[in-house]
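Scroll down for the structure; my scribbles are underneath it.
Remember, it's a predicted structure, so these values are computed and weren't measured experimentally. Letters A, B, ... are given to chains in the order of the sequence lines, protein chains preceding strands, and every chain is numbered from 1.
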Amino acid sequence: MWIVSVFYFCHSNLCTTFDKYNNFNSRYSFSRNFSIYLTLSTTMKSQEIRDTFLTFFKQKNHKIVASAPMVIKNDPTLMFTNAGMNQFKDLFLGNSPIVHKRIADTQKCLRVSGKHNDLEEVGVDTYHHTMFEMLGNWSFGDYFKKEAIEWAWELLVDIYKIDKNRLYFTVFEGDAADGTPEDTEAFGLWKDLLEKNGLTTDKILKANKKDNFWEMGDTGPCGPCSEIHVDIRSDEEIAKIPGKDLVNNDHPQVIEIWNLVFMEFNRMADGKLKPLPAKHVDTGMGFERLAMVLQGKKSNYDTDVFSPLTDKIAQISGIPYKNSLDTQHKTDVAIRVIADHVRAVAFSIADGQLPSNNGAGYVIRRILRRAIRYGYSFLNLKEAFIYELVEILVQQMGAFFPELVNQQELITNVIREEEESFLRTLAKGIQRFENYVANSKDKKIDGPFAFELYDTFGFPKDLTELLAKENGFEFGFEEFANELLRQKERSRAATTLKTGDWVDNPSDASENEFVGYDTTNVDDIVITRFRKVSVKDEDFYQLVFNKTPFYPEGGGQVGDTGYIKNKFEQIEIIDTKKENNLIVHITKTLPEHYSDGANLYEAKVDSSKRKLTAANHSATHLLHQALRTILGTHVEQKGSLVNADYLRFDFSHFQKVSEEELQQIEDFVNEKIQAAINLNEHREIPIEEAEEQGVMMLFGEKYGNKPRMIQFGDSKELCGGIHINNTKEIELFKITSEGSVAAGIRRIEAVTSKGAANYLKEKIDTITKHPLAGLITDEIKNKITIAQHNLLQQYAKVSDMPTLNIISPSNGSLQIDVLSNAIADFTKIKLDATIIDELNNIKKAMLKEEEQKGKEQAKAIKEELLNEVKNSNGVNVITKKLTAVDAATIKDLAFQLKAQIADLYLVLGAEINGKPNLTIAISDSLATERKLHAGNIIREAAKEMQGGGGGQPFFATAGGTNLNGLDAAMEKALSFIK
RNA sequence: GGGGAUGUAGCUCAGUUGGCUAGAGUGCUUGACUGGCAGUCAAGAGGUCGUGGGUUCGACUCCCAUCUUCUCCA
């Protein structure tokens, strides 16, 4: 599940990949490296470019680490890794101890919006991407500008053999308003290097705050940076315009490839800068761009990172990729879009993020749909095809990113399902559009209509535009943009979150120690810092302690609640979360006596809630084991929620889990509970050892190198959550539902201990105490009895079982509404479906019977009434006050008479449930000829009985409150014909 | 998290200011006709109008709550 980790991690399956860099005796050893560089420098494949980078920094004593997952799980400000530094954020913020001072890696990143990127631009040009790799080297309080700059030169010029004449370097020019000086140090370092290599300082360019001052966010670590740009244009073009004039000018062939960030300040909420105690280096080099430069291409998409994909797309669509640099070349743009997006989507799914309708999942869905749209519009691909690219991607990148290989089937299925669903959306939208066009007169697509298509039905705006054009229609751009703006403002207003600065409470105490595995109660708590957070109109406070027993939300388990108190005050902790490795306690009020150092707080976790949560968490592990045992080892956890009330577990599996399998799973878990297995907690197990023991590890999770392992017999998982000490504390495990959440993903919900007991008790009570009397068949009685029996057997395993009165259905008459309620209740408790079906059948039969009775009754009355027809002025008048009939029967009667008697004027009165009811029917011809309107007539007549009514010209009904007025109302109705 | 839409026959969907005995097409059953591309014609079965409340003489229709599915924004 989740791990309370120090920063440094190594994923199980990735460790092997990285050993080669970290082991000096490997084939990438010192002595052989230079021969690799020399032989490959002219035709380096992308794999070798990546290897060379990592090996280079390995030789400079850097620890090589694996890419962190692209999807971020415990940072509220970020959904995806969008830069190499993300996984080191807590180090820069000082929330975690620094273990390795020098690190290098390649990091999977995703950018869809923000200052660096805009989804709608990707694929149009030749060098922006959604998903890309960022090569980076880091120094945490170790080396600074000198080494960073010199090594960058060495790698690019000496090893990768990039022509030094084509390189340019930017340095920060300073900003008076900010109080930040010009970066003369970086300037001097570049100057020395250039002069040593026979070049002059005209290769160094000064850049402003916007381009060369890097900030992590509105607040936090920041500093000047120095960028390396490369000019890959032809000699003729260079002769026309020198490269230095095109740097930072969005030229597709004069591009930034490496950014060296020198972090030396901390930005406060008031905008002021404070020097950082330790200076850091953070660099990022775009892998795909580097490949373009080294492979002598003019476009990232022409490198071997993308060409297998563009080839395959061309093959599927039958439209060749022309390697065009023209942004108007629609089919090439479409091929680039698809090649880019399939990478982003596939890697996200591999990291556990499925397409969905909100949050990170929605971003993934949008990316995928954009790819589908381009294929649909420009490559004429009207059926799912993107899923076919997964295989190519896996062949190409699976060796370095094993998560792709392991999740290939899931990725393929999910993408195909999404494609099919979106194609349906498109088909519906097109139909709607065509309706609109058919009914439109002014040859214009209104903005609001286009927006409705987009907003409500998910139909892409540019497709509407395209269709409009094809039909010779105008498109209401401005109105559309306005609607979109309003929508955005609504959303923004709903989610404004203001975060204040941390307020430090100086003390000698250490910070942020988690002691909750061993205790729920600590009495020497110091509040080390706090801040105010405002969401909409509500204020909250986040508190950080020196140490805490409160478990922060993570690994699917909800955060602890409880309180802290001293002799002055008691403050409720309403939730506990983790932000950048910092455990924050959320309260509604700010403690007032936090600075009185002598008055320590006592912290107490709500332990009954935690115990139930722990039982559910341990049960989740057993469930996981059961699934893998019974369904197969393809089952992998895809999501998990554990709280005091129930547990929810999502996992990969491609079909419905059958009733029998569910029963087996339940039995498996209950057997483990009966076996009373002790918890074996390995709090700091070396990851290698855990791996040897065959521990469950999850893709898309990052683990420390000494994670915590939770073991119940054969069930072994890396997990930072809270567990019970022996499985018998779970008492009973009961699955409450099984269903699907996405393509290839199933969800099981279950309850344990008290929750399971309550669940079963409710079930039994519902059945046994239901006033189901009389007309139930023996067969159903038996079924209910059997169900009771089964439940009782399971229930008997639970402590303090109440005694049950099993009532057998006695004689009496079964009412339809009683039966209806029974069906509703039984459905709610998910009673055996066959029982519910049978009850439903009985109900249907009874309804039918009742309807039949009514019809027969109507027939009988009709015979009677046929003898009472009075002809007056050519009109056949029938009037009668009926008893013991219902509204449906009267209606039926009226229509029967109307069908049989010409020129009919029918007035019927009745008492229904103590209230008067009046019905008028008039033959159609009569109504037309004499301009009679039953609806209007009845409205008048109903006044006599304090009621109202209405209907059509030939049939109307009315009700009232005064029964005594019924006769008068009937008289009134008759008066219209006289 | 916020907005919009959606739920009616096995399936695809109509149902317009509350009252048209809840409809169409398709599928199904039965029968008749038939050398023609989805053969034709006729008859029939099939619906808790998502669920729970409320307003009303009367709710598929209006109001409130809730669930499903879709969708946009963050």
Determine the Euclidean distance between corresponding [atom1] atoms of [M] and [N]; express it in Å to zero decimal places.
N     : M     : atom1 : answer
B/U26 : B/G50 : C1'   : 24 Å
B/A9  : B/U48 : C1'   : 13 Å
B/U8  : B/U68 : P     : 16 Å
B/G2  : B/C67 : P     : 12 Å
B/G18 : B/G39 : P     : 44 Å
B/G27 : B/U69 : P     : 31 Å
B/C64 : B/A22 : P     : 27 Å
B/C49 : B/U6  : C1'   : 14 Å

ask   = Quick one: side chain to side chain contact (heavy atoms under 4.5 Å, CB included) partners of A/Q946, sequence neighbours excluded?
value =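 A/T961, A/N962.
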inquiry  = Run the side chain to side chain contact (heavy atoms under 4.5 Å, CB included) test against A/F457 and tell me which residues pass, sequence neighbours left out.
reply    =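 Listed in chain order: A/R432, A/E452.
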Result block: side-chain N/O donor-acceptor pairs under 3.5 angstrom for residues 967-975 of chain A, not counting sequence neighbours:
from: A/D967; atom 1: OD1; to: A/K881; atom 2: NZ; distance (Å): 3.2
from: A/S975; atom 1: OG; to: A/K972; atom 2: O; distance (Å): 2.5

query = Does A/K488 or A/E452 map to a spot on RNA chain B nearer the 5' end, using the closest nucleotide for each?
reply =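 The residue closer to the strand's 5' end, by nearest nucleotide, is A/E452.
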remark   = With both pairing distances under 3.5 angstrom for Watson-Crick or G-U wobble, and | for a partner in another strand, the correct string for RNA chain B is (((((.(..((((.....[...)))).((((((.....)))))).....(((((..]....)))))).))))).
ask   = Tell me, which pairs form a ring pair (Phe, Tyr, Trp, His ring centres under 6.0 Å) where one or both residues lie in residues 879-906 of chain A, sequence neighbours left out?
value =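 Sorted pair list: A/F895-A/F955.
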task = Tell me yes or no: between the side chains of A/N482 and A/E478, is some donor less than 3.5 Å from an acceptor?
result =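 Their side chains do not contain a donor-acceptor pair, so the 3.5 Å distance test is not met.
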task = Tell me, with the steps shown, if A/T81 and A/L110 meet side-chain contact (heavy atoms from CB on, under 4.5 Å).
result = CA-CA 6 Å; A/T81 298; A/L110 190 74; over 6 Å; no
ask   = Between atom CD in A/E483 and atom P in B/A5, what is the gap in whole Å?
value =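 A/E483 atom CD is separated from B/A5 atom P by 13 Å.
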message = What is the separation between atom CG on A/L485 and atom P on B/G3, rounded to the nearest whole Å?
response =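 The distance from CG of A/L485 to P of B/G3 comes to 18 Å, rounded to the nearest Å.
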Residues forming a ring pair (Phe, Tyr, Trp, His ring centres under 6.0 Å) with [X], sequence neighbours excluded:
X      : answer
A/H341 : none
A/Y362 : none
A/Y376 : none

key: Polar side-chain atom of A/T879 near backbone of A/V907 as donor-acceptor pair, under 3.5 Å   =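 Such a contact is found between A/T879 side chain and A/V907 backbone.
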task = Give a yes or no answer on whether the side chain of A/R369 reaches the backbone of A/I364 with a donor-acceptor pair at less than 3.5 Å.
result =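 Not a single qualifying donor-acceptor pair exists.
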Within the sub-3.5 Å range, which N or O atoms of nucleotides 67-72 of chain B have a protein N or O partner, and how far apart are they?
from: B/U71; atom 1: OP1; to: A/R369; atom 2: NH1; distance (Å): 2.6
from: B/U71; atom 1: OP1; to: A/R369; atom 2: NH2; distance (Å): 2.1
from: B/U71; atom 1: OP2; to: A/R365; atom 2: NH1; distance (Å): 2.8
from: B/U71; atom 1: O2'; to: A/Y454; atom 2: O; distance (Å): 3.4
from: B/U71; atom 1: O2'; to: A/D455; atom 2: O; distance (Å): 2.4
from: B/U71; atom 1: O2'; to: A/G458; atom 2: N; distance (Å): 3.2
from: B/U71; atom 1: O4; to: A/N357; atom 2: ND2; distance (Å): 3.3
from: B/C72; atom 1: OP2; to: A/Y362; atom 2: OH; distance (Å): 3.2
from: B/C72; atom 1: O5'; to: A/Y362; atom 2: OH; distance (Å): 2.8
from: B/C72; atom 1: O4'; to: A/D455; atom 2: O; distance (Å): 2.9
from: B/C72; atom 1: O3'; to: A/Y454; atom 2: OH; distance (Å): 2.6
from: B/C72; atom 1: O2'; to: A/D455; atom 2: OD1; distance (Å): 3.1
from: B/C72; atom 1: O2'; to: A/Q487; atom 2: NE2; distance (Å): 2.8
from: B/C72; atom 1: O2; to: A/Q487; atom 2: NE2; distance (Å): 2.7

query = Can you name the side-chain hydrogen bond (donor to acceptor under 3.5 Å, both in side chains) partners of A/K898, sequence neighbours left out?
reply =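 In terms of side-chain hydrogen bond (donor to acceptor under 3.5 Å, both in side chains), with neighbours along the sequence ignored, A/K898 is linked to A/D924.
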Check the interface with nucleotides 21-24 of chain B: list each N/O to N/O pair with the protein under 3.5 Å, or write none.
none

Rounded distance [0.5 Å steps], CG in A/D903 versus CG in A/L926 =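 A/D903 CG to A/L926 CG: 5.5 Å, rounded to 0.5 Å.
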message = Are A/F451 and A/F480, when compared by the centres of their aromatic rings, separated by less than 6.0 Å?
response =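 So the answer is yes for these two rings.
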Mind listing the N/O atom pairs, protein and nucleotides 54-57 of chain B, below 3.5 Å?
from: B/C57; atom 1: N1; to: A/G948; atom 2: O; distance (Å): 3.2
from: B/C57; atom 1: O2; to: A/G948; atom 2: O; distance (Å): 3.4
from: B/C57; atom 1: O2; to: A/G959; atom 2: N; distance (Å): 3.1
from: B/C57; atom 1: N3; to: A/G948; atom 2: O; distance (Å): 2.8
from: B/C57; atom 1: N4; to: A/G949; atom 2: N; distance (Å): 3.3

